[in-house]
Amino acid sequence: MVNLASEPEFQQAYNGEDIPQLVHSLEGSKLFKTSPDLKAALPVVSVPERVIQFRVTWEDDQGNFQVNRGYRVQFNSALGPYKGGLRFHPSVNLSILKFLGFEQIFKNALTGLNMGGGKGGSDFDPKGKSDNEIRRFCYAFMRELSKHIGQFTDVPAGDIGVGGREVGYLFGAYKSYRNQFEGVLTGKGITWGGSLIRPEATGYGLVYYVSHMISYSSGGKETFAGKRVAISGSGNVAQYAALKVLELGGKVISLSDSKGALIATGQQGFNETDIELIAKLKLDRRYLTELYTAEDSFRSRFRYLPGARPWSNVDKIDVALPSATQNEVSELEARDLIARGCKFLAEGSNMGSTQEAINVYEEDRRCRKADGLWYGPAKAANCGGVAVSGLEMAQNSQRVSWTSEQVDKELAGIMERCFWNCLNTAKEYYDIAEGELPSLVAGANIAGYVKVVSAMKAQGDWW
């Protein structure tokens with residue numbers, strides 16, 4: 001593919017180095033020996049079925065016309081309608097969206113629901129914009145996107161920069177342009193087709209997944225109770241992961257944002273009230289440093305580190321949950337986490353670890369076996385969000401709303417099945433040394449790949 005423009009994020013997801021995210025997981029396993037025909041699908045599944053790129057022009061509050069780029073990468077529809085978020089952020093480009101869409105194919109497959117994979121968004125920055133500017137941008141963006149999506153074709157959701165407000169404007173625009181009320185977006189308001197537990201789903205699902213990691217590695221003897229848990233980020237994923245950890249008896253000792261990190265100085269860590277204050281702060285698009293400066297209770301129990309991430313700055317920890325953005329754990333930070341006693345790391349953010357960090361995790365797992373760090377990759381550990389989006393689609397199709405208990409029960413079941421699918425697939429296709437924990441990243445890659453390309457073959461997409 002030397003004739004293609006450089007796409008570093010997509011190439012990391014596709015081929016990586018040393019222990020790559022997908023290709024070497026497949027080629028290093030028994031999969032292509034037992035099913036050599038499946039190798040032929042690799043170059044096919046790595047190319048999107050369709051890439052849509054378009055111009056978005058909108059008017060700011062001063063009456064000036066602005067222009068942004070809009071994208072939708074419709075990567076794979078073998079298992080169902082394209083499904084994946086829309087991201088509004090200045091960093092958005094085709095490489096990032098292809099990486100996210102490629103990962104989304106296999107993440108969605110691991111939920112067990114009928115969803116394909118896609119991703120989209122714009123380099124528009126909602127920060128600093130008025131509600132009217134955001135509304136005008138969303139209507140302009142959907143003017144083109146509405147031609148390419150639908151409940152049986154492509155069902156976008158929110159992502160970075162696209163929360164409940166933006167989903168509302170986008171849905172209103174779609175309804176206006178298409179004259180149809182349908183479940184074309186997920187993450188909708190609860191009174192007009194949304195699902196309970198959707199905001200909590202990624203964070204809750206992440207903790208459910210790690211609960212199974214802890215239980216399996218300890219032979220059922222341990223839970224989150226008493227575990228010291230370092231979390232990065234302070235958005236929805238981090239907030240709800242923290243609340244679920246507290247509910248299960250763990251101690252949350254860090255949260256962070258793009259300006260810096262809050263680290264607990266004592267044994268208590270964050271409590272529910274702290275997280276409620278942080279949630280209100282983030283709703284106003286403000287930073288943790290403001291809370292630390294204004295609240296005596298925070299200054300007495302935490303230290304604030306400007307420009308820092310938690311990983312090299314926490315003391316003894318048991319569990320790490322990167323939940324901020326991609327590539328947020330480096331090789332050095334991975335080694336620091338291991339030195340501080342971290343036994344479990346699972347990604348709430350997409351591709352939260354650099355490839356070098358993943359190499360460190362996997363080497364530690366192989367060398368120290370059950371005493372090493374066990375890694376849960378994003379495509380499995382954080383699939384709870386898109387799983388509940390799939391459940392929202394099901395509710396929309398039935399014109400019903402489930403209770404929070406129903407949705408949470410379904411979510412917990414999906415995460416349990418996902419864990420065992422990754423674990424058992426790794427056991428099936430890799431030789432596991434005595435006392436060694438199976439590679440969940442290898443299991444996730446193989447399980448997702450086999451499901452998707454088998455469907456593609458049955459539909460005649462490759463031979």
Side-chain angles (χ1 to χ4, degrees), residues 203-204 206-207 210-211 214 222-325 328-349 352-353 357 360-361 364 373:
Y204 280 12
L206 173 65
V207 175
V210 177
S211 294
I214 295 171
E222 295 182 23
T223 67
F224 261 102
K227 296 284 190 293
R228 291 173 59 84
V229 183
I231 301 176
S232 66
S234 49
N236 264 10
V237 179
Q239 291 169 27
Y240 289 114
L243 288 171
K244 184 59 70 173
V245 167
L246 294 178
E247 180 186 322
L248 298 178
K251 298 178 182 179
V252 177
I253 61 171
S254 73
L255 289 168
S256 68
D257 61 20
S258 59
K259 298 290 186 181
L262 277 174
I263 313 289
T265 53
Q267 294 300 311
Q268 181 183 358
F270 291 84
N271 57 40
E272 289 86 349
T273 302
D274 297 332
I275 295 166
E276 286 175 12
L277 288 172
I278 290 170
K280 291 177 183 176
L281 185 84
K282 290 301 168 180
L283 202 58
D284 294 334
R285 299 179 185 273
R286 294 158 57 202
Y287 297 99
L288 293 177
T289 182
E290 300 175 49
L291 195 60
Y292 180 76
T293 302
E295 296 286 338
D296 290 340
S297 65
F298 272 72
R299 288 197 301 276
S300 65
R301 294 181 293 123
F302 303 100
R303 54 193 173 112
Y304 180 76
L305 302 176
R309 297 187 290 227
W311 318 123
S312 296
N313 296 292
V314 293
D315 296 325
K316 181 184 182 303
I317 67 164
D318 303 296
V319 180
L321 303 177
S323 302
T325 188
E328 59 171 302
V329 185
S330 68
E331 178 182 5
L332 175 60
E333 289 167 317
R335 296 189 187 283
D336 286 343
L337 285 168
I338 291 169
R340 285 155 175 75
C342 186
K343 294 290 296 294
F344 307 96
L345 184 146
E347 294 169 329
S349 53
S353 305
V360 172
Y361 308 152
D364 193 56
L373 183 148

Report yes or no: does [X] contribute a side-chain atom to a donor-acceptor pair with the main-chain N or O of [Y] at less than 3.5 Å?
X: Asp257; Y: Ser234; result: no
X: Arg299; Y: Thr293; result: yes
X: Ser323; Y: Leu321; result: yes
X: Ser254; Y: Leu262; result: no

Just to verify, what does [X] make a ring pair (Phe, Tyr, Trp, His ring centres under 6.0 Å) with, not counting sequence neighbours?
X: Tyr287; result: none
X: Phe298; result: Phe302
X: Phe344; result: none

* Candidate pair Leu248 and Thr223, rule side chain to side chain contact (heavy atoms under 4.5 Å, CB included), full reasoning -> CA-CA 8 Å; Leu248 298 178; Thr223 67; over 6 Å; no
Results of side chain to side chain donor-acceptor pair (under 3.5 Å) for [X] - residues two or more places apart only:
X: Tyr361; value: Ser353
X: Asn236; value: none
X: Ser330; value: Glu333
X: Ser312; value: Asp336

Grab the two heavy atoms, one from [X] and one from [Y], that are nearest each other, plus how far apart they are.
X: Pro322; Y: Ala346; value: CD-O, 3.2 Å
X: Leu255; Y: Ala238; value: CD2-CB, 4.1 Å
X: Glu290; Y: Arg286; value: OE1-NE, 2.9 Å

* Check whether any side-chain heavy atom of Lys227 lies under 4.5 Å from a side-chain heavy atom of Lys343, and answer yes or no. =>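 A side-chain contact is absent here, since even the closest heavy-atom pair is not under 4.5 Å.
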Hey, what do you get for [atom1] ([X]) to [atom2] ([Y]), rounding to the nearest 0.5 Å?
X: Thr265; Y: Arg303; atom1: OG1; atom2: CZ; value: 8.0 Å
X: Ile275; Y: Ile231; atom1: CD1; atom2: CD1; value: 7.0 Å
X: Leu288; Y: Leu305; atom1: CG; atom2: CG; value: 11.5 Å
X: Ile338; Y: Trp311; atom1: CD1; atom2: CH2; value: 13.5 Å
X: Ser297; Y: Leu291; atom1: OG; atom2: CG; value: 7.5 Å

* CA sep, side-chain torsions, deciding dist, call: Ser232, Arg309, side chain to side chain contact (heavy atoms under 4.5 Å, CB included) -> CA-CA 7 Å; Ser232 66; Arg309 297 187 290 227; over 6 Å; no
* So Asp274 and Val252, side chain to side chain contact (heavy atoms under 4.5 Å, CB included) or not? Walk me through it. -> CA-CA 11 Å; Asp274 297 332; Val252 177; over 6 Å; no
Who are the side chain to side chain contact (heavy atoms under 4.5 Å, CB included) partners of [X], not counting sequence neighbours?
X: Arg335; result: Glu331, Val360
X: Ile317; result: Ala230, Ile253, Val314, Ala320, Leu337, Cys342
X: Gln268; result: Asn271, Arg301
X: Ala279; result: Gln239

* **Pairs satisfying salt bridge (charged side-chain N to carboxylate O under 4.0 Å, His left out), at least one member in residues 238-253, at least two apart** =>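 Non-adjacent pairs meeting salt bridge (charged side-chain N to carboxylate O under 4.0 Å, His left out): Lys244-Glu247.
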* Go through the steps to decide whether Leu243 and Glu272 satisfy the test side chain to side chain contact (heavy atoms under 4.5 Å, CB included), and finish with yes or no. => CA-CA 7 Å; Leu243 288 171; Glu272 289 86 349; 4.0 Å; yes
